[in-house]
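Computed from heavy atoms alone, side chains included, the values below leave out hydrogens, waters and symmetry copies.
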Amino acid sequence: QVQLVESGGGAVQSTGSLRLSCTASTGTYTVYDMAWFRVRQPSGKAREAVAAIDTDGSTIYVDSVKGRFTISRDNAKNTVYLQMNNLRPEDTAFYYCAAARARYSGAYRLETFSYAYWGQGTQVTVSS
C-alpha cells in the first residue's frame, strides 16, 4: 500500500508564498504521475486539479495557477513539491497530494480518477 503524507500548509497574506511537500511511502509499489488537487473553501465541493508531474519531470498545470505555482519532484526521495507564489484568496483550499500507479497522458493527468493513492490533505489559507 502506498501512503502519502503532505506538509507545508498554513496561513499567508495575499501575494505571499507557501511550499507544500508530499512524501510517498511506496514499499514495493511503483508510482508514476504525482499531482496536487484542491478543494476550495468555503464553497468548493469536488476536488480540482492544480498540477501534475511525471517521473521524467514533465509537468502540466491548470490555467488558474500557471506562472504562479511550480510543481517539482525528487524521485530519489519519492517527494513532490508545490511552490506557490503570488497567492490569492481564491487559492484558499484543502490541498491533496495524489499518486498514480499507471502512466497517463494529456488531460488524464489532471483527472481524479487517474490517481489511486491520496494523502490526507493540508490546509492553505490566503487572506486579503
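- A search for side-chain hydrogen bond (donor to acceptor under 3.5 Å, both in side chains) contacts involving Arg73 returns Asn75, not counting sequence neighbours.
- With hydrophobic clusters built from ILVMFWY side chains whose heavy atoms lie under 4.5 angstrom apart, Val62 shares a cluster with Val124.
- Legend: salt bridge (Lys or Arg N to Asp or Glu O under 4.0 Å) pairs involving residues 111-128, not counting sequence neighbours: none detected.
- Here Thr125 pairs with Gln123 under the side-chain hydrogen bond (donor to acceptor under 3.5 Å, both in side chains) rule; sequence neighbours left out.
- For residues 53-72, the salt bridge (Lys or Arg N to Asp or Glu O under 4.0 Å) pairs, not counting sequence neighbours, are Asp63-Lys66, Arg68-Asp91.
- Under the side-chain hydrogen bond (donor to acceptor under 3.5 Å, both in side chains) criterion, Ser127 pairs with no residue at all, not counting sequence neighbours.
- Annotation: side chain to side chain contact (heavy atoms under 4.5 Å, CB included) contacts of Ile60 (sequence neighbours excluded): Ala52, Arg109, Leu110.
- Residues passing the side-chain hydrogen bond (donor to acceptor under 3.5 Å, both in side chains) test with Glu48, sequence neighbours excluded: Arg38, Arg40.
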Distance-only criterion, 3.5 Å: show the donor-acceptor pairs between side-chain atoms of residues 99-108 and protein atoms not counting sequence neighbours.
| residue | atom | partner | partner atom | Å |
| --- | --- | --- | --- | --- |
| Arg103 | NH1 | Thr55 | OG1 | 3.4 |

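- For Phe37 and Trp118, the distance between ring centers is under 6.0 angstrom.
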Show the atom names and distances, to 0.1 Å, of all donor-acceptor pairs under 3.5 Å that link a side chain in residues 2-20 to residues at least two apart or in another chain.
| residue | atom | partner | partner atom | Å |
| --- | --- | --- | --- | --- |
| Glu6 | OE1 | Gln120 | N | 3.1 |
| Glu6 | OE1 | Gly121 | N | 2.9 |
| Glu6 | OE2 | Cys97 | N | 2.9 |
| Glu6 | OE2 | Gly121 | N | 3.1 |
| Ser17 | OG | Asn85 | OD1 | 2.9 |

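- For the pair Ile53 and Asp33, the minimum side-chain heavy-atom distance is 4.5 Å or more.
- With rounding to the nearest 0.5 angstrom, the CG atom of Asn78 is 4.5 Å from the OG1 atom of Thr26.
- Through direct or indirect side-chain contacts shorter than 4.5 Å among Ile, Leu, Val, Met, Phe, Trp and Tyr, Tyr81 is connected to no other residue.
- Remark: the backbone N or O of Val50 is not paired with any side-chain donor or acceptor of Tyr95 at under 3.5 angstrom.
- The two residues Met34 and Ala24 have their closest heavy-atom pair at CE-CB, 4.1 Å.
- Tyr117 and Tyr32 fall into different hydrophobic clusters, defined by Ile, Leu, Val, Met, Phe, Trp and Tyr side-chain heavy atoms under 4.5 Å apart, directly or through other members.
- Under the 3.5 Å distance criterion, the side-chain polar atoms of Thr79 are matched with a main-chain donor or acceptor of Lys77.
- Taking the ring-ring contact (aromatic ring centres under 6.0 Å, His included) definition, one finds that Phe94 meets it with Tyr96, sequence neighbours left out.
- The disulfide bond (SG atoms under 2.5 Å apart) analysis of residues 48-94, with sequence neighbours excluded, yields no pairs.
- Residues Leu87 and Tyr61 share a hydrophobic cluster, clusters being chains of Ile/Leu/Val/Met/Phe/Trp/Tyr side chains in contact below 4.5 Å.
- Cluster membership for Leu82 and Val80, using ILVMFWY side-chain heavy atoms within less than 4.5 angstrom, is shared.
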